[in-house]
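First the proteins, then the strands, lettered A, B, ... as listed; each starts at 1.
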Protein chains: 2
Amino acid sequence: MTIQYIFGNILKQIRENRGISQEKLAFDSSLDRTYISMLERGKRKPTINTIFSICNALHMKPSELLQLVELEFDNQPH
Amino acid sequence: MTIQYIFGNILKQIRENRGISQEKLAFDSSLDRTYISMLERGKRKPTINTIFSICNALHMKPSELLQLVELEFDNQPH
DNA sequence: GTGTAGACTGGCGTCGACA
DNA sequence: TTGTCGACGCCAGTCTACA
């Protein structure tokens, strides 16, 4: 269970809760749709700038998003 | 005033408050010393994994670090 | 202890296309 | 609407070395 996998799951969850498409999220965050797809499937590790862009598009704070990630990450068996 | 520049300043601040060297931080976070140097000077944008590694070495939560960054970022004139 | 330089590998992030 | 593929440019991150 890697960090980017957890990040992707949470991102997908939040996006679907917002009821918006990958396409719209990509447009609002000035990123590529295929890249959003890869992120949600844990295939890519976003940089801090990418995290800020996505959070800006989702109207949430980067710290809030990372808190969700770290909560699930610390909850992993290891 | 870019995100990575603010991130670097805060990282340097925290590290110096801890009283540890770039060398020790690099070792504890399994990163290269020259890369820590570049990060602190805003020359590089860390990935989410790198952020987690550094925060782990600093005994702080990634969300806490990002909160400091976003507070200063939102405080910028634009 | 830190900044910087150069060279390098791998991966971030883009783009067009098709199922 | 999303996943994936291939190709691509550029930068994340490493390493050696020197001031």
Side-chain angles (χ1 to χ4, degrees), chain A residues 1-63 65-66 68-70 72-73, chain B residues 1-63 65-66 68-70 72-73:
Chain A
M1 205 69 156
T2 62
I3 292 173
Q4 69 262 30
Y5 190 78
I6 295 173
F7 175 87
N9 281 344
I10 291 175
L11 174 60
K12 182 183 181 69
Q13 210 175 303
I14 294 174
R15 179 182 60 78
E16 292 180 339
N17 281 349
R18 296 279 198 282
I20 68 178
S21 64
Q22 289 183 352
E23 213 160 8
K24 173 164 175 49
L25 175 57
F27 180 80
D28 291 347
S29 57
S30 302
L31 291 167
D32 198 82
R33 183 189 65 79
T34 65
Y35 181 61
I36 300 291
S37 173
M38 286 175 169
L39 276 183
E40 288 190 355
R41 303 179 62 79
K43 300 295 184 185
R44 288 286 192 273
K45 310 168 194 171
T47 63
I48 188 173
N49 290 53
T50 301
I51 294 173
F52 269 68
S53 292
I54 290 176
C55 286
N56 185 58
L58 289 173
H59 302 296
M60 71 185 300
K61 296 180 180 178
S63 60
L65 179 55
L66 277 220
L68 296 175
V69 175
E70 76 200 15
E72 191 154 339
F73 185 69
Chain B
M1 204 69 155
T2 62
I3 293 173
Q4 70 262 28
Y5 189 79
I6 296 174
F7 175 87
N9 281 344
I10 292 175
L11 174 60
K12 182 183 182 69
Q13 210 175 303
I14 295 174
R15 178 182 60 79
E16 291 181 340
N17 281 350
R18 294 280 199 282
I20 68 178
S21 63
Q22 288 183 352
E23 214 160 7
K24 172 163 174 51
L25 175 57
F27 180 80
D28 291 347
S29 57
S30 301
L31 290 167
D32 197 80
R33 182 190 66 79
T34 64
Y35 181 62
I36 300 292
S37 173
M38 287 175 168
L39 276 183
E40 289 190 353
R41 303 181 59 80
K43 301 295 184 187
R44 286 287 190 274
K45 310 168 193 172
T47 63
I48 188 174
N49 290 53
T50 301
I51 294 173
F52 269 69
S53 291
I54 290 176
C55 286
N56 185 58
L58 289 173
H59 303 296
M60 72 186 300
K61 296 180 181 178
S63 60
L65 179 54
L66 278 219
L68 297 175
V69 176
E70 75 199 16
E72 191 154 339
F73 184 70

Task: Partner residues of A/Phe52 under the ring-ring contact (aromatic ring centres under 6.0 Å, His included) criterion, sequence neighbours left out - done: B/Phe73

Task: Step-by-step side chain to side chain contact (heavy atoms under 4.5 Å, CB included) determination, B/Lys45 to B/Ile3 - done: CA-CA 8 Å; B/Lys45 310 168 193 172; B/Ile3 293 173; over 6 Å; no

Open item on the list: Can you tell me how far apart CE (B/Met60) and CD1 (B/Ile54) are? Round to the nearest 0.5 Å.
Closed with: 11.0 Å

Open item on the list: One pair to check against side chain to side chain contact (heavy atoms under 4.5 Å, CB included): A/Leu11 and A/Leu25. What are the steps and the verdict?
Closed with: CA-CA 11 Å; A/Leu11 174 60; A/Leu25 175 57; 4.2 Å; yes

Open item on the list: What I'd like to find out is whether the side chain of A/Ile14 reaches to under 4.5 Å of the side chain of A/Leu65, using heavy atoms alone.
Closed with: yes

Open item on the list: Rounded to the nearest 0.5 Å, what separates atom CD1 in B/Ile10 from atom CG in B/Leu68?
Closed with: 5.0 Å

- [ ] Tell me, please, the opening and closing nucleotides of DNA chain D, 5' to 3', among those with an atom under 4.0 angstrom from a non-hydrogen atom of chain B.
- [x] D/dA12 to D/dA17

TODO: Apply the test side chain to side chain contact (heavy atoms under 4.5 Å, CB included) to residues B/Ser29 and B/Ile36: give CA-CA distance (whole Å), side-chain angles for both, the deciding distance (0.1 Å), then the verdict.
DONE: CA-CA 10 Å; B/Ser29 57; B/Ile36 300 292; 4.2 Å; yes

- [ ] Using side-chain hydrogen bond (donor to acceptor under 3.5 Å, both in side chains) as the criterion, list what pairs up with A/Gln22, not counting sequence neighbours.
- [x] A/Glu40

Task: Nucleic acid footprint by protein, nucleotides 12-19 of chain C - heavy-atom cut-off 4.0 Å, B for base, S for sugar-phosphate alone - done: BBBBBB--

Open item on the list: For DNA chain C, which residues of residues 15-27 of chain B approach it to below 4.0 angstrom with any heavy atom?
Closed with: B/Arg15, B/Ser21, B/Gln22, B/Glu23

- [ ] Check whether any side-chain heavy atom of A/Pro62 lies under 4.5 Å from a side-chain heavy atom of B/Val69, and answer yes or no.
- [x] no

- [ ] Write out all pairs satisfying salt bridge (Lys or Arg N to Asp or Glu O under 4.0 Å) with one or both partners inside residues 27-39 of chain B, taking only residues at least two apart or from two chains.
- [x] B/Lys24-B/Asp28

